[in-house]
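Notes follow the structure.
In this chain, numbering begins with 1 at the start of the sequence shown.
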Amino acid sequence: MKIVDLRSDTVTHPTPEMRGAMYEAEVGDDVFGEDPTVNRLERMAAERLGKEAALFVVSGTMGNLVALLTHCGRGDEAIVGDRSHTYLFEQGGMAALGGITPWVVPNQPDGTLRLQDVEAAVRGDDAHMPRSRLLCLENTHNMCDGTPLTAEYTAQAAELAHSLGLRVHLDGARIFNAAAALGVDVRELVRDVDSVMFCLSKGLCAPVGSMVCGGADFIAQARRSRKVVGGGMRQAGVLAAAGVVALERMADRVGEDHARARRLAEGLAEIPGVEVGPVSSNILYFALMEQVRRTPDEVVEALAERGILMLGREHGRFRAVTHYWITAEDIERTLAAMREAVQ
Ligand SMILES: *Cc1c(COP(=O)(O)O)cnc(C)c1O
């Protein structure tokens, strides 16, 4: 029985083409800047996002941390959303490792931060206070139903931040999903930010790695930050080779995963007792209504017995994430299993 793994798009295995490219990859010592495959991936990523330069890092968490360490010094403050990955799920690395304090602003249901909240969060020039340095946005917004931030919103937020002397970092772990959801070129979504991180290892199917993109000077400094957190890799071309295939083959196809998520949402909405949240990309949240006698844990277990893996989140919310390895047939199997699981 095939396991239908909807827990996350991080479970994606590399494609056969990626494995081939990894086997064949030309390599060198990347800390010396001599790995031709890493260099190629960094050029491709920069070009693809319309930035001057890019840096290959181990993970999204490292990418966000490296960007924050580069933008901010100790005692500086970064404005973050209260539902953001950087704030919730990165062990407070900015504070723990960088001495950067987060100033938390509520995320709206669509993943945005209200501009008046951002403006109000910026500190004045006062010796009592930390210095506001950075605004962090997230696109698509994982905890806000995988909603994409539009180019217009990002431009407005960046304009405000810049006018107040802040720089802007975008956690674009799933930025290609945002581009597909909005039907725009990814460059439009990152044009106005000073740095952006995106993941190769989620819907793009690479086994390891994320990219940080930005201006040439910023990336030169970020290369130093990556080294101090132990992220200087040597013959990393074996990993970067999969990233090259990810950009060439995967980045433009993620819209197919969105269609599967929509079909899953439609099917789930027809099951009595299941309440489905909005779906605009590959992430879908749903909840059980009171009429369902089973607890979320029991439903997760009943699904697992039928070969369907999902996460039961806090407050009885479930998350399902579609990706390259989830077929139309898998969605129908998931719906059949769910009908049984909630009975
Ligand atoms: C997954 C994710 C990250 C972190 O990426 P890792 O590679 O798991 O460290 C950061 N931000 C968002 C929005 C994510 O979904």
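Using a 3.5 Å distance cut-off with no hydrogens or angles, the side chains of His258 and Asn177 do pair a donor with an acceptor. One side chain, Ser195 or His169, offers a donor N or O that lies under 3.5 Å from an acceptor on the other. Side-chain contact, Thr327 with Asp330: a donor N or O sits under 3.5 Å from an acceptor N or O. A donor-acceptor pair shorter than 3.5 Å cannot be found between the side chains of Asn139 and Arg174.
Glu138 is not listed as a side-chain neighbour of Leu170, based on a closest heavy-atom distance of 4.5 Å or more. Counting only heavy atoms from C-beta outward, the side chains of Leu41 and Met211 approach each other to under 4.5 Å.
Surrounding CD of Gln235 are more than 12 heavy atoms belonging to other residues, nucleotides or ligands, all under 6.0 Å away. Environment of CD in Glu329: sparse, with no more than 12 heavy atoms of neighbouring residues, nucleotides or ligands closer than 6.0 Å.
The hydrophobic cluster containing Leu335 does not contain Trp325, counting ILVMFWY residues as joined when their side-chain heavy atoms lie under 4.5 angstrom apart, directly or transitively. Grouping the Ile, Leu, Val, Met, Phe, Trp and Tyr side chains by contacts below 4.5 angstrom, directly or via other members, places Val122 with Trp103. Both Met62 and Val208 are part of a single hydrophobic cluster, where members link through side-chain heavy atoms under 4.5 Å apart. Residues Leu65 and Ile219 share a hydrophobic cluster, clusters being chains of Ile/Leu/Val/Met/Phe/Trp/Tyr side chains in contact below 4.5 Å. Linking ILVMFWY residues whenever their side-chain heavy atoms come closer than 4.5 Å, directly or via other members, places Ile331 and Val342 in the same cluster.
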As a quick check of understanding, evaluate side-chain contact (heavy atoms from CB on, under 4.5 Å) for Met338 and Leu303, giving each step before the final call.
CA-CA 7 Å; Met338 187 56 124; Leu303 288 170; 4.2 Å; yes

Can Tyr285 and Phe318 be said to form a ring-ring contact (aromatic ring centres under 6.0 Å, His included), step by step?
CA-CA 5 Å; Tyr285 288 91; Phe318 294 77; over 10 Å; no

Candidate pair Thr70 and Ser225, rule side-chain hydrogen bond (donor to acceptor under 3.5 Å, both in side chains), full reasoning
CA-CA 6 Å; Thr70 309; Ser225 305; 2.9 Å; yes

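Closest approach of Cys144 to Asp110, counting heavy atoms only: CB-C, 4.4 Å. Considering all non-hydrogen atoms of both residues, Ser281 and Gly146 come closest at OG-O, 2.7 Å. When all heavy atoms are compared, the tightest approach of Ala180 to Val254 is CB-CG2, 3.9 Å.
Ion pairing between a basic and an acidic side chain is recognised when a charged N comes within 4.0 Å of a carboxylate O; Arg40 and Glu26 show no such pairing.
Residue pairs meeting the salt bridge (Lys or Arg N to Asp or Glu O under 4.0 Å) criterion with at least one partner in residues 151-170, sequence neighbours excluded, are absent. Contacts classified as salt bridge (Lys or Arg N to Asp or Glu O under 4.0 Å) and involving residues 193-211 (residues at least two apart or in different chains) are not found. Sorted by first then second residue, the salt bridge (Lys or Arg N to Asp or Glu O under 4.0 Å) pairs that include residues 288-310, not counting sequence neighbours, are Arg306-Glu340. Residue pairs that meet the salt bridge (Lys or Arg N to Asp or Glu O under 4.0 Å) test with at least one member in residues 219-235, sequence neighbours left out, are Asp29-Arg234, Asp30-Arg226, Glu42-Arg223.
For His13 and Tyr324, the distance between ring centers is not under 6.0 angstrom.
For the side chain to side chain contact (heavy atoms under 4.5 Å, CB included) test with His71, the passing option among Ile100, Val66, Leu135, Leu134 is Leu134; the others fail. Screening Thr322, Asn142, Asp145, Asp257 for a side chain to side chain contact (heavy atoms under 4.5 Å, CB included) with Ile283, the sole residue that qualifies is Asn142.
For the salt bridge (Lys or Arg N to Asp or Glu O under 4.0 Å) test, no residue two or more places apart in sequence or in another chain qualifies with Arg260. Every residue meeting the ring pair (Phe, Tyr, Trp, His ring centres under 6.0 Å) condition with His85, not counting sequence neighbours, appears here in chain and number order: Phe89.
A donor-acceptor pair under 3.5 Å links the side-chain atoms of Asp76 to the main chain of Gly73, judged by distance alone. Remark: the backbone N or O of Arg114 is not paired with any side-chain donor or acceptor of Thr112 at under 3.5 angstrom.
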